[in-house]
Amino acid sequence: MENARIAEIFSEIADLLELKGGNEFRVRSYRNAARTVSELPQRLADLVAEEEDLTGLPNIGKSTADKIREIVERGTCKRLEDLRAEIPEGLTELLQVPQLGPRKASQLYRELEIQSLGDLRQAAEDKKIRDLEGMGAKTEEKILEGIETLASSTGRILYHTAAQYAESLGKLLDGMDAVKQWEVAGSLRRGKETVGDLDILVQADDRKRVAESVAEHDSVVETIGRGEEKMSVRLESGLQVDIRFFDPAAFGSALAYFTGSKAHNIAVRRLAQANDWKLNEYGLFKGENRLAGKTEASVYHRLNLPWIPPELREDRGEIEAAEEGRLPDLITEKQIRGDFHSHTERTDGRESLEEMVEAARDRGYEFLAVTEHSKALSMAKGLDEDDLKAHAEKIREADERYEDIWVLAGIEVDILKSGRLDLDEKVLEDLDWVVASVHSYFKLEEKEMTDRLLAAVHSGVVHCIGHPTGRMIGSRDPVRFDHDRLFEACRDHGVCLEINGQPDRMDLPDTLCKRAREAGVLLALATDAHHHVEFDFMRYALLVARRGWLGKEDVLNTRTVKQLRKHLGSK
DNA sequence: GCCGTTTTCGGCCCGACTGTTTTCAGTCG
């Protein structure tokens with residue numbers, strides 16, 4: 001039983017309770033519990049086995065703790081079974097339709113016996129919905145559109161993709177005289193690996209003109225709503241964009257408000273309430289009197305907090321850390337001196353060694369590790385021992401030619417199913433940098449996978465574990481292993497964990513990053529570039545690192561060549 | 001159902017927009 005499944009159960013209970021018309025705060029409790037569970041670094045099943053007290057976890061009280069134990073033992077819980085018996089299957093899928101919430105969904109069920117998306121479409125097409133109390137022709141139309149949107153939407157999209165749309169809209173806004181300032185807020189600003197929609201804040205002289213221009217933008221296919229304060233549009237990709245207009249006096253509080261996360265906002269608002277103040281998107285207020293709002297920092301400062309970087313705003317302890325003056329000094333792009341994972345055309349990269357090295361120099365890097373695949377990945381032309389020796393020689397020759405950059409002769413060696421490395425350790429010993437990665441047998445049982453990874457760490461020739469969880473966002477689950485044991489082993493053997501910046505990997509994920517840091521593990525940021533343009537993926541690795549609370553000291557890439565040589569030499 | 005320098009009971013974030021209404025409920029973020 002994985003945490004994700006437990007979280008799903010709590011979400012389903014929340015949905016069903018909502019359809020039933022239950023207490024909205026109880027519903028919220030289940031949703032909060034689902035969030036806590038899904039973000040929890042430890043496996044609940046393990047905590048239950050160890051008879052840990054779960055009520056110490058945020059949003060988990062006695063009742064929820066009991067349910068967690070029940071779910072771990074039985075795979076489900078009575079509460080869910082009872083609700084399912086009471087409310088027809090299919091009704092929850094109606095909640096997925098935009099603009100259709102629990103009230104209308106249950107009304108549709110009660111009055112028209114609608115129990116599925118199919119029923120809903122039929123009723124809308126038959127124009128039966130417009131006759132219901134509180135609904136009309138417009139509602140019917142919205143529902144049909146909502147069903148279409150649902151069918152074509154893919155849910156959350158990669159940060160990388162969302163950032164491209166944001167950039168394109170940003171260009172439009174930059175080009176308008178009426179726009180005085182604009183900022184992207186929401187989960188994109190927080191650097192989350194996936195983004196559900198775009199939130200853009202705009203200060204403008206002529207809101208109407210801005211709204212018109214946005215509505216006419218190439219990538220906009222539909223205007224969902226449009227008012228004085230906000231407008232919502234849908235892009236060709238299905239992505240929803242919310243534009244909100246604010247005056248300068250409220251721009252900072254609005255930015256904070258719409259950056260979220262929701263949980264962070266609630267926690268900050270509680271601090272305001274403790275002073276009998278009110279915090280909303282228009283500012284921090286004492287009665288009618290605005291205490292702060294022009295900048296984000298002014299809002300935080302008035303609440304006796306330092307400004308909190310957006311990447312930390314997840315209610316994962318940042319408020320307490322801010323109160324106690326122990327927020328981490330997060331790593332920045334400028335502190336990155338090199339990249340620890342790249343491929344060339346010798347295996348599955350697309351450019352020559354020289355092209356890659358020169359591009360790294362152009363970025364101002366002081367070092368670059370070239371890490372081709374090993375022979376187990378025959379599809380990728382992986383190297384055997386002799387190939388590797390020859391290639392390492394070639395890399396060292398290149399290193400001689402470029403005085404201002406250290407080209408590390410490296411490898412990304414496969415960790416085989418048994419935990420053995422795919423290449424003779426004698427050959428690996430002569431390299432400057434050895435990344436060991438799992439590229440096969442992703443479904444091993446936790447114990448077997450843990451032993452497999454530990455064997456690589458214990459080998460004595462590995463410097464870094466590549467993309468440690470192996471997850472592909474949206475398409476492949478992370479492999480299962482005992483995180484704490486791997487972290488401890490890495491710390492004790494001086495082995496780094498990689499933060500791979502490929503947009504669909506972003507692996508190690510942020511929450512595990514935070515725990516690896518707490519365990520004393522050193523992280524290595526890397527792009528896994530197969531073409532020099534992918535060196536830009538370092539920004540995604542950086543986002544993960546920042547969301548994982550990493551500072552300069554926690555990251556190997558911040559070392560000078562001299563320090564790095566010393567660090568690697570001492571291994 | 002959770003939670004506690006206001007509290008173990010009684011709160012729980014709060015405002016914009018839409019469509020249906022003649023003052024508001026539902027949905028969303």
Side-chain angles (χ1 to χ4, degrees), chain A residues 10 13-14 17-19 21-37 54-68 77 79 94-108 129-143 145-146 149 185-188 195-201 207 211 223-234 240-246 250 253-254 256-285 315 323:
Chain A
F10 287 147
I13 292 177
L17 277 176
E18 214 170 20
L19 284 164
N23 179 316
E24 60 174 302
F25 298 110
R26 181 171 294 158
V27 173
R28 191 188 297 171
S29 285
Y30 278 107
R31 295 210 193 285
N32 288 339
R35 189 184 77 92
T36 296
V37 169
L54 303 176
T55 61
L57 299 168
N59 303 311
I60 309 291
K62 186 180 175 308
S63 162
T64 311
D66 287 343
K67 288 189 182 69
I68 290 172
C77 68
R79 181 85 209 215
L94 299 187
L95 297 179
Q96 305 301 312
V97 178
Q99 313 299 321
L100 193 54
R103 300 289 186 156
K104 281 184 192 158
S106 53
Q107 184 187 3
L108 288 165
I129 292 175
R130 59 182 61 193
D131 297 331
L132 300 185
E133 172 135 25
M135 303 201 198
K138 279 271 194 179
T139 310
E140 206 169 69
E141 205 176 300
K142 287 252 172 197
I143 285 174
E145 281 170 16
T149 303
S187 49
L188 191 71
V195 170
D197 60 16
L198 289 184
D199 294 293
I200 301 178
L201 267 55
R207 295 177 174 187
T223 300
I224 301 165
R226 191 160 142 183
E228 262 297 297
E229 312 291 331
K230 62 172 278 194
M231 76 179 295
S232 298
V233 298
R234 194 173 309 283
Q240 182 172 328
V241 183
D242 295 329
I243 309 262
R244 299 171 193 269
F245 297 101
F246 285 92
S253 47
Y257 186 93
F258 287 107
T259 296
S261 66
K262 194 171 172 175
H264 174 88
N265 284 353
I266 289 172
V268 175
R269 190 170 292 121
R270 286 218 181 94
L271 294 179
Q273 284 177 325
N275 287 315
D276 260 337
W277 297 340
K278 188 174 77 166
L279 177 62
N280 59 29
E281 57 265 56
Y282 299 102
L284 179 63
F285 295 91
D315 193 23
E323 283 175 326

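Lettering follows sequence order; numbering is per chain, from 1. The figures that follow rest on heavy atoms only: side chains count, while hydrogens, waters and symmetry mates do not.
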May I ask you to say what [X] touches in the nucleic acid, namely base, sugar-phosphate or nothing, with a heavy-atom cut-off under 4.0 Å?
X	answer
Y282(A)	sugar-phosphate
A254(A)	nothing
K262(A)	base
E133(A)	nothing
R31(A)	nothing
N265(A)	nothing

Roughly, in whole Å, what's the span from [atom1] in [X] to [atom2] in [N]?
X	N	atom1	atom2	value
E24(A)	dG10(B)	CD	P	18 Å
K62(A)	dG1(B)	NZ	C1'	12 Å
R130(A)	dT21(B)	CZ	P	13 Å
N23(A)	dC2(B)	CG	P	12 Å
N59(A)	dC3(B)	CG	C1'	10 Å
W277(A)	dC13(B)	CH2	P	20 Å
M231(A)	dT18(B)	CE	P	10 Å
E281(A)	dC13(B)	CD	C1'	10 Å

So, for [X] and [Y], which heavy atoms are closest and what is the spacing to 0.1 Å?
X	Y	result
V195(A)	D197(A)	CG1-O, 3.2 Å
L19(A)	P102(A)	CD2-O, 4.0 Å
A256(A)	N265(A)	O-OD1, 3.6 Å
V27(A)	E18(A)	CG2-N, 4.0 Å

Candidates [options] - which lies nearest the side chain of [X]:
X	options	result
R270(A)	dG15(B), dC13(B), dG1(B)	dC13(B)
K230(A)	dG15(B), dG1(B), dC17(B)	dC17(B)
K278(A)	dA16(B), dC14(B), dG1(B)	dC14(B)
K138(A)	dT20(B), dG1(B), dG15(B)	dT20(B)
D199(A)	dG19(B), dC13(B), dG29(B)	dG29(B)
E229(A)	dC13(B), dC17(B), dG19(B)	dC17(B)
R269(A)	dC17(B), dC13(B), dG15(B)	dC13(B)
Q240(A)	dG29(B), dG15(B), dG19(B)	dG29(B)

Taking only the [atom1] atom of each, what is the distance from [N] to [M] in whole angstrom?
N	M	atom1	answer
dG1(B)	dT5(B)	P	23 Å
dT21(B)	dT27(B)	P	15 Å
dA16(B)	dG11(B)	C1'	25 Å
dG15(B)	dT8(B)	C1'	32 Å
dC12(B)	dC17(B)	P	25 Å
dC28(B)	dT20(B)	P	16 Å
dG29(B)	dT23(B)	C1'	24 Å
dC3(B)	dC13(B)	P	13 Å

Can you tell me the Watson-Crick or wobble partner of dG15(B), both distances under 3.5 angstrom?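 For dG15(B), the partner nucleotide comes out as dC28(B), under the 3.5 Å rule.
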Let's see if you get this right: which residues in residues 99-108 of chain A place a heavy atom under 4.0 Å from DNA chain B?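 The stretch gives Q99(A), L100(A), G101(A), P102(A), R103(A), K104(A) as the residues lying under 4.0 Å from the strand, ordered by number.
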Check for a donor-acceptor pair, side chain of [X] on one end and backbone N or O of [Y] on the other, with a separation under 3.5 Å.
X	Y	value
E140(A)	R130(A)	yes
T36(A)	P58(A)	yes
S253(A)	E281(A)	yes

Taking only side-chain N and O atoms of [X], does any of them lie within less than 4.0 angstrom of OP1 or OP2 on [N]?
X	N	result
N280(A)	dC14(B)	no
T139(A)	dT18(B)	no
S63(A)	dG1(B)	yes

Verdict with reasoning, R269(A) to Y257(A), per side-chain contact (heavy atoms from CB on, under 4.5 Å): CA-CA 10 Å; R269(A) 190 170 292 121; Y257(A) 186 93; 3.0 Å; yes
Quick check on DNA chain B: between R244(A) and A65(A), whose nearest nucleotide comes earlier from the 5' end?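 Final value for this comparison: A65(A).
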Taking the nucleotide of DNA chain B with the closest heavy atom to each, which residue, D242(A) or K67(A), is nearer the 5' end?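 Of the two residues, K67(A) wins.
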Measure distances between side-chain N and O atoms of Y257(A) and base N and O atoms of dG29(B), and say whether any donor-acceptor pair falls under 3.5 Å.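 Looking at the base of dG29(B), it does pair with a donor or acceptor on the side chain of Y257(A) (distance under 3.5 Å).
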Salt bridge (charged side-chain N to carboxylate O under 4.0 Å, His left out) against R244(A), all qualifying residues, sequence neighbours excluded: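 R244(A): salt bridge (charged side-chain N to carboxylate O under 4.0 Å, His left out) contacts with D242(A).
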Show your reasoning for whether side-chain contact (heavy atoms from CB on, under 4.5 Å) applies to K104(A) and I129(A). CA-CA 10 Å; K104(A) 281 184 192 158; I129(A) 292 175; over 6 Å; no
